[in-house]
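See below for the structure under consideration.
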2 protein chains.
Amino acid sequence: MGNTIGGVGVLDKAVDVLDALEARPLSLAELVAVTGLPRATAHRLATALERHGLVRRDSDGRFMLGTRLLSLGQAAADAWPLATAAASALASLREKTGESVQLFVRDGEERVCIAALQSLHGLRTIVPLGARLPLSAGSAARVLTSADQTAGGWIESVGEREAGVASVSAPVRDASGRVIAAVSVSGPIERTSRQPGKRYGSYVVHAAKEIESEAGLRGVDA
Amino acid sequence: MGNTIGGVGVLDKAVDVLDALEARPLSLAELVAVTGLPRATAHRLATALERHGLVRRDSDGRFMLGTRLLSLGQAAADAWPLATAAASALASLREKTGESVQLFVRDGEERVCIAALQSLHGLRTIVPLGARLPLSAGSAARVLTSADQTAGGWIESVGEREAGVASVSAPVRDASGRVIAAVSVSGPIERTSRQPGKRYGSYVVHAAKEIESEAGLRGVDA
DNA sequence: GTTTGCGTCTCATATAATGGGACACTAATC
DNA sequence: GATTAGTGTCCCATTATATGAGACGCAAAC
């Protein structure tokens with residue numbers, strides 16, 4: 001019969017298994033419960049993935065993400081030289097603001113966090129590396145979707161994507177001026193105040209410029 | 001007919017595609033050349049992987065590793081709290097020695113690098129995160145395979161795994177004394193000398209102890 | 001002893017992957 | 001303009017492939 005049209009093939013199921021294991025190690029029975037796959041199928045897929053190093057077993061025999069994903073993830077990260085170039089700028093941005101900082105790029109109809117450093121405060125916003133967030137809310141989202149220049153070069157949002165969280169973002173542009181990424185600072189409203197842009201705006205813009213020059217995207221300097 | 005026994009299923013081919021893309025972005029034609037798959041098949045697999053975010057396209061339409069691998073890789077890394085715990089100890093080890101430092105764990109009949117920092121020298125050994133190395137050569141390999149205590153607590157090897165490279169490794173042990181990982185320092189023989197253990201041994205052993213206490217594996221201190 | 005849970009494996013069935021080849025399109029080359 | 005060579009994408013008859021209920025072996029719990 002025909003070809004796979006929407007989520008029925010081995011590959012789709014295999015990805016379901018990986019998705020399930022992303023949260024935590026799972027025994028076969030748990031894996032079956034989470035994925036909804038028949039026992040035999042889940043077992044076959046998990047062991048097949050194991051052969052490729054994408055899945056491994058812990059000491060209790062439970063399935064978990066394998067070591068092969070380390071190198072693949074590393075390679076995927078290297079595919080954005082931007083993330084590497086941004087490392088030092090993000091570090092100093094976190095130091096200056098004390099809050100969590102992130103670098104987002106657009107990917108289809110979502111945005112992806114390709115670099116992040118978490119605030120050192122006990123109460124902090126967490127955006128894990130690789131997290132996919134909507135392109136419809138948050139200051140970084142608006143930076144990535146609006147092509148044109150803005151007021152001070154930054155955009156702020158308060159409690160937009162998530163209640164209690166405020167953020168400020170600035171665009172990273174390539175040589176031709178197109179927005180290719182967004183740098184963000186985000187934290188609990190209690191600390192950032194309701195005008196986070198006022199407090200952190202210039203820092204974020206500076207970090208964006210720093211990333212541009214570090215990545216060799218535009219002429220030198222800030 | 002029967003089930004897949006050795007490398008014929010969709011899954012195996014899909015992994016081949018990911019493997020091929022690990023090195024660099026590839027056009028469909030190149031992908032076909034590298035994997036040996038028929039055009040239609042390569043295209044179908046690549047686009048299927050794309051639907052899952054494991055593969056994406058660059059601006060020229062070439063296939064490359066996707067953003068989904070970032071989060072999966074991150075999750076896989078989190079599965080070794082050891083890697084996180086080792087971060088600071090490895091940083092200071094690199095600072096003290098000036099050479100590349102790594103943390104290896106055994107995985108089946110190989111060893112995997114689950115954390116690494118490269119030397120800042122121009123001439124340096126590079127062991128990328130996630131790299132799979134043999135369990136048959138190198139000081140770290142011997143640390144992972146020999147259960148018992150050794151002379152100064154470290155093991156050295158000179159030009160064993162790779163010509164011109166010397167390394168010193170020390171075991172990281174759990175509460176019951178079993179070796180669960182190996183810390184290594186490696187560099188070109190010209191700098192490390194032919195007795196790398198003499199020079200770096202104590203540093204490496206100290207780093208191992210530091211990792212043990214940081215990870216809460218043994219009692220406190222060094 | 002019996003039961004309940006586990007992971008693993010088999011094998012007849014039919015479903016889902018296959019891939020040669022058609023197609024549309026662009027960029028050189030004639 | 002016409003031709004050739006190169007892309008990526010899509011179709012669809014064929015059959016090789018994944019499927020999954022159920023059997024099995026093994027522990028641990030009752």
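In what follows, every chain begins at residue 1, and chains take the letters A, B, ... in the order their sequences are listed.
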Tell me the interatomic distance from A/Leu31, atom CG, to C/dT8, atom P, rounded to whole angstroms. 12 Å

If you count the non-hydrogen atoms of other residues, nucleotides and ligands that lie under 6.0 Å from CD1 in A/Ile126, is the total more than 12? no

Say whether B/Ser167 and B/Ser186, considering side chains only, have a donor N or O and an acceptor N or O under 3.5 Å apart. no

Could you tell me whether A/Ala40 contacts a base, only the sugar-phosphate backbone, or nothing, with contacts defined as non-hydrogen atoms closer than 4.0 Å? base

Between atom CG in B/Leu28 and atom P in C/dC25, what is the gap in whole Å? 18 Å

Just by distance, do the side chain of B/Asp60 and the backbone of B/Arg62 share a donor-acceptor pair under 3.5 Å? no

Backbone N/O of B/Glu156 and side chain of B/Ser139: donor-acceptor pair under 3.5 Å: no

Touch class at under 4.0 angstrom, heavy-atom based, for B/Arg57 against every strand present: sugar-phosphate

Under the 3.5 angstrom rule, does the side chain of A/Arg44 hit a backbone N or O of A/Ala46 as a donor-acceptor pair? no

Atom CG of B/Asp12 and atom C1' of C/dT18: how far apart are they, to the nearest Å? 15 Å

Taking NE2 from A/His43 and P from C/dT10, how many angstroms apart are they, rounded to a whole number? 11 Å

Roughly how many Å is it from CZ in A/Arg62 to C1' in C/dC6, rounded to a whole number? 14 Å

Given atom CZ of B/Arg39 and atom C1' of D/dG6, what is their separation to the nearest angstrom? 10 Å

Does any donor-acceptor pair link the side chain of A/Arg44 with the base of D/dG20 at a separation under 3.5 Å? yes

The side chain of B/Pro38 is closest to which nucleotide in this list: C/dG19, C/dT18, C/dC6? C/dG19

In whole Å, what is the span from the CG atom of B/Asp60 to the C1' atom of C/dT26? 14 Å

Measure from the side chain of A/Thr41, starting at C-beta and using heavy atoms only, and say which of D/dT9, C/dT18, D/dT19 lies closest. D/dT19

Spacing between A/Leu11 atom CG and D/dT19 atom P, to the nearest angstrom: 11 Å

Pick base, sugar-phosphate or nothing for B/Thr47, based on heavy-atom distances below 4.0 Å to the nucleic acid. nothing

